[in-house]
Amino acid sequence: MASRDENSKQANRVLRISQLDALELNKALEQLVWSQFTQCFHGFKPGLLARFEPEVKAFLWLFLWRFTIYSKNATVGQSVLNIQYKNDFSPDLRYQPPSKTQKLWYAICTIGGKWLEERCYDVFRNRHFASFKKAKQCVHLVVGLLKLGGLINFLIFLQRGKFATLTERLLGIHSVFCKPQNVRDVGFEYMNRELLWHGFAEFLIFLLPLVNIQKMKAKLSAWCTPVTGAPSGDGALGTSGKLCALCGEWPTMPHTMGCQHVFCYYCLKSSFLFDMSFACPKCGTKVHSLQPLKSGLEMSEVNTL
């Protein structure tokens, strides 16, 4: 029986990361609710809520507390993660929700504490009388001690995994799963397949920038296109230079690179800048120099040949 109880406790124990995630979700929800509420007063006079901001926030948080912890024994973040509060003072091993007294004290410690801190800071900031100096020091001392206690509680929580906040420890409530967490069967075949494809994709992402696609394309084009001999001379140059050897269009600013083929200046220059060892895709001649087409025939006359 003892071993069974220990196993049940281990099964219902909430991970530390889950408890911290629940706290972060609660903070994100508070920021979202406050931003949506302030947008409702966007068209009103600026600073309308500044005077009563602590009271308005306290009212909103009290409204959230009423429909989360008071009615469902869990915050919004805990509900998302299948977590709820349990009364740690109860001797019964079965689940016992927090009592109404614990819930009320939770609201006083969280909502009332934040309201009191913000209101005190607002009062001390607007009034500089000597009578408030000692009260201000006392408030700062109390806030500092509470933050120190929260830090010590957090270190203990990291070690033991229970009571994520100081309020939970003082009230005797801790997080448990709403439903027992069943052991899931993981298919390692699927995981291995996913890891294999992810590794293959990362290898391709690393390899593709190192491959000169344009050079490979030019070589494949040279292999697929048979090399035909042609007599040398200006007439042959003009006859074979009707179209650009790269783009296959009528050459713009026709240039040659030392062979009988003609290229657009921009096609030849960009290819040469991309690959210093660029060769003609038709005959495989290396680039020696870029020269404008020197022929006795104008390009308009070449089209008639």
J.: Walk me through it: do Y85 and E168 pass the test side-chain hydrogen bond (donor to acceptor under 3.5 Å, both in side chains)?
T.: CA-CA 9 Å; Y85 279 129; E168 296 177 3; 2.6 Å; yes
J.: Looking at T167 and C109, what are the two nearest heavy atoms and their distance?
T.: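 Answer, listing the atom of T167 first, then C109: CG2-CB, 3.9 Å.
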J.: So, are R119 and E55 salt-bridged, with charged N and O less than 4.0 Å apart?
T.: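 Yes, R119 and E55 are salt-bridged.
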J.: Distance only, no hydrogens: is a donor on one side chain within 3.5 Å (strictly under) of an acceptor on the other, for S175 and Q84?
T.: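 The answer is no; no qualifying pair exists.
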J.: Please say yes or no: joined through hydrophobic side-chain contacts below 4.5 Å, possibly via intermediate residues, are V176 and I17 part of one cluster?
T.: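 As far as the 4.5 Å side-chain criterion goes, I17 and V176 are not connected within one cluster.
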J.: Are more than 12 heavy atoms from other residues, nucleotides or ligands located less than 6.0 Å from atom CH2 of W105?
T.: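 Incorrect, the count does not exceed 12.
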J.: With distance as the sole test, does S18 use its side chain to make a donor-acceptor pair with the main-chain N or O of V14 at under 3.5 Å?
T.: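 Flag not set: sc S18 to bb V14 has no pair under 3.5 Å.
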J.: Let me check something: do L62 and L60 share a hydrophobic cluster, defined by ILVMFWY side-chain heavy atoms less than 4.5 Å apart, either directly or through other members?
T.: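 Hydrophobic grouping puts L62 with L60.
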J.: Same cluster or not: are W65 and W115 linked, directly or through other Ile, Leu, Val, Met, Phe, Trp or Tyr residues, by side-chain heavy atoms under 4.5 angstrom apart?
T.: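 W65 and W115: separate clusters.
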J.: Walk me through it: do N73 and K86 pass the test side-chain hydrogen bond (donor to acceptor under 3.5 Å, both in side chains)?
T.: CA-CA 8 Å; N73 304 320; K86 177 185 177 183; over 6 Å; no
J.: Could you pull out the closest heavy-atom pair between A22 and L81, with the gap in Å?
T.: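 In terms of heavy atoms, the two residues are closest at N-CD1, 3.7 Å.
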J.: Is it the case that one hydrophobic cluster holds both V80 and I83, taking links as side-chain heavy atoms less than 4.5 Å apart, direct or via other members?
T.: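 They do share one cluster, since a chain of ILVMFWY contacts under 4.5 Å joins V80 to I83.
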J.: Assign the ring pair H174 / F163 to parallel, tilted or perpendicular, where the plane angle (0 to 90°) is split at 30° and 60°.
T.: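 Perpendicular, since the angle between the ring planes exceeds 60°.
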J.: Taking transitive links into account, so neighbours of neighbours count too, which hydrophobic residues share a cluster with F157 at under 4.5 Å side-chain distance?
T.: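 L20, L23, F154, L158, listed by chain and number.
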J.: Find out if a path of hydrophobic residues (ILVMFWY) with successive side-chain heavy-atom gaps under 4.5 Å connects I69 to L166.
T.: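 Result: no, two separate clusters.
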J.: Is N153 reaching over with its side chain to a backbone N or O of T165, donor-acceptor style, under 3.5 angstrom?
T.: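 Yes, N153 side chain to T165 backbone: donor-acceptor pair under 3.5 Å.
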J.: Take Y265 and H255 through the test ring-ring contact (aromatic ring centres under 6.0 Å, His included) and record every step on the way to the result.
T.: CA-CA 6 Å; Y265 172 75; H255 277 64; 4.9 Å; yes
J.: Inspect the contact between E30 and K114 and indicate whether a charged nitrogen and a carboxylate oxygen are less than 4.0 angstrom apart.
T.: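 Counted as a salt bridge, because a side-chain N and a carboxylate O are separated by less than 4.0 Å.
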J.: Do other residues, nucleotides or ligands put more than 12 heavy atoms under 6.0 Å from F41 CZ?
T.: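 Above 12, so yes.
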J.: Working to the nearest 0.5 angstrom, can you tell me the gap between N26 CG and Q31 CD?
T.: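 If we round to the nearest 0.5 Å, N26:CG and Q31:CD are 11.5 Å apart.
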J.: Q102 side chain to S99 main-chain N or O, any donor-acceptor pair under 3.5 Å?
T.: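 Indeed, once roles are kept as given, a pair shorter than 3.5 Å links the two residues.
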